[in-house]
Protein chains: 2
Amino acid sequence: MIISKTTSYAIRILQAMARNEKEATTATILFRQLKIKERYLKRLMTTLAKQGFIKGKRGRSGGFILARPANQIFLSGVIEAVEGLESFNACILGVTDCRLSPVCAMHDVWGEIRKTMLNTSSSTTIQDLAKSPGNIQTEMSNK
Amino acid sequence: MIISKTTSYAIRILQAMARNEKEATTATILFRQLKIKERYLKRLMTTLAKQGFIKGKRGRSGGFILARPANQIFLSGVIEAVEGLESFNACILGVTDCRLSPVCAMHDVWGEIRKTMLNTSSSTTIQDLAKSPGNIQTEMSNK
DNA sequence: CATAAATAATACCTTCAGGTATTAATATTT
DNA sequence: AAATATTAATACCTGAAGGTATTATTTATG
Ligand code: FES
Ligand code: FES
């Protein structure tokens, strides 16, 4: 995958929460919707809370709610918080920052791809995803 | 990284070999040129031999030579042999084959990116890379 | 207050890509 | 034939991402 499995989970979680913004939800409810391993999902929720994307409230009738409006959460922000943006700067042949040393035949086309990914992820918000139809419940592989 | 470190190594090895096609080379010489951990490089050479990209000859004055002309080795082939092409079919949100279920706001732009990567890698040969200037000797990170 | 239902924190386990070590097989040179 | 230089095969080690288990903390409600 281009982004890590965990980042993908994070985005899917936020997307689901954005679908009924304002309404708090629980990890268990999200688990039922998203089919992400429950324990791992819970741990990831904590991470997202620490990173300031959501707010957790403990205790009976507790749950999670978006900390910011969904249209202010950009994909690039989520990716950066969970795994960093390094992938987007790496050359397809492994040059750490190929802008400084364009040494492969993929460089031009690759530069375009990279630019597109960066532009898209920093202009697409969680709300955009939430508005798009369909629910992602598929099991995923790591490839 | 988009492709795995190992795949990237493989492409770099083949590129180096293509620069003096017809001339056999040894793992040690390639190690000096590419700065890939020697033992790992040797093991990878064996893999590439098994996959039919290069031919190894044992014994004193042995070495490796390309099994096919460099202009007949496509990047897509190398990627497929070393790590598979799954990444190119995966949705950015982890849907295994998003052509069947386009469920995210990235779908359109992501489809374009994927198409470009696939087209480019299956029309670019090792010879194309070999002709491009510069040598890749950078240490790489995995991100 | 006691209980239940939720998040929070922490430590541990598992898997796999990447990397290392060792030994075997093969071919050339002397 | 012995020594040497190479690839081939195999098994093992390591670190990080993904996943699991356990316990602590907080809050609402009977
Ligand atoms: S040097 Fe390879 S993509 Fe830039
Ligand atoms: S469904 Fe996400 S890119 Fe196709």
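Only a predicted model underlies this, so the values are computations on that prediction, with no experimental measurement involved. The sequence lines fix the lettering, A, B, ..., with proteins before strands; numbering per chain opens at 1.
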Task: Between dT14(C) (C1') and K37(A) (NZ): distance, integer Å - done: 12 Å

Task: Nucleotide dT7(C), atom P - distance to CD1 of I65(A) in whole Å - done: 13 Å

TODO: For F31(B) and dG19(C), give me the distance from atom CZ to atom P, rounded to whole Å.
DONE: 13 Å

Open item on the list: If you compare every side-chain N and O of Y9(A) against the phosphate oxygens of dG19(D) (OP1, OP2), does one of them come in below 4.0 Å?
Closed with: yes

Open item on the list: What is the distance, to the nearest angstrom, from the CD1 atom on I3(A) to the P atom on dG18(D)?
Closed with: 11 Å

TODO: Hey, could you give me the CE/CG distance between M45(A) and L30(A), rounded to the nearest 0.5 Å?
DONE: 5.0 Å

TODO: Output yes when a side-chain donor or acceptor of E21(B) lies under 3.5 Å from a complementary backbone atom of A70(B), and no otherwise.
DONE: yes

Task: Whole-Å distance separating the CG atom of L30(A) from the C1' atom of dA6(C) - done: 13 Å

Open item on the list: When you measure from the side-chain N and O atoms of K42(A) to the phosphate of dA9(C), is any distance below 4.0 Å, counting only OP1 and OP2?
Closed with: no

- [ ] Start with the C-alpha distance between R32(B) and I29(B), add both sets of side-chain angles, then the distance that settles side-chain contact (heavy atoms from CB on, under 4.5 Å), and finish with yes or no.
- [x] CA-CA 5 Å; R32(B) 292 206 199 93; I29(B) 291 174; 4.2 Å; yes

Task: CG-CD1 distance between L48(A) and I54(A), expressed to the nearest 0.5 angstrom - done: 5.0 Å

Open item on the list: Please report the distance, rounded to the nearest Å, between CG in L41(B) and P in dG18(C).
Closed with: 14 Å

TODO: Would you mind telling me which residue lines up with the more 5' stretch of DNA chain C, R43(A) or G56(A), judged by nearest nucleotide?
DONE: G56(A)

TODO: Report the distance from atom CD of Q15(B) to atom NZ of K131(B), rounding to the nearest 0.5 Å.
DONE: 12.5 Å

Open item on the list: If you only use heavy atoms from C-beta on, which nucleotide in dG18(D), dA8(C), dA9(D) is closest to the side chain of Y40(A)?
Closed with: dG18(D)

Open item on the list: Set out, in order, the CA-CA distance, both residues' side-chain angles and the distance that settles side-chain hydrogen bond (donor to acceptor under 3.5 Å, both in side chains) for T125(B) and D128(B), then state yes or no.
Closed with: CA-CA 5 Å; T125(B) 68; D128(B) 297 325; 3.3 Å; yes

Open item on the list: In whole Å, I'd like the distance from the NZ atom of K5(A) to the C1' atom of dT15(C).
Closed with: 11 Å

Open item on the list: Distance check needed: dG18(D) P versus L44(A) CG, whole Å only.
Closed with: 10 Å

- [ ] May I ask you to say what K50(A) touches in the nucleic acid, namely base, sugar-phosphate or nothing, with a heavy-atom cut-off under 4.0 Å?
- [x] sugar-phosphate

Task: Sequence-aligned protein contact record of nucleotides 22-30 of chain C, with B where the base is within under 4.0 Å of a protein heavy atom and S where only the sugar-phosphate is - done: B--BBBBS-

Task: Atom pair CG (L118(B)) and CG (L85(B)), whose distance is rounded to the nearest 0.5 Å - done: 6.5 Å

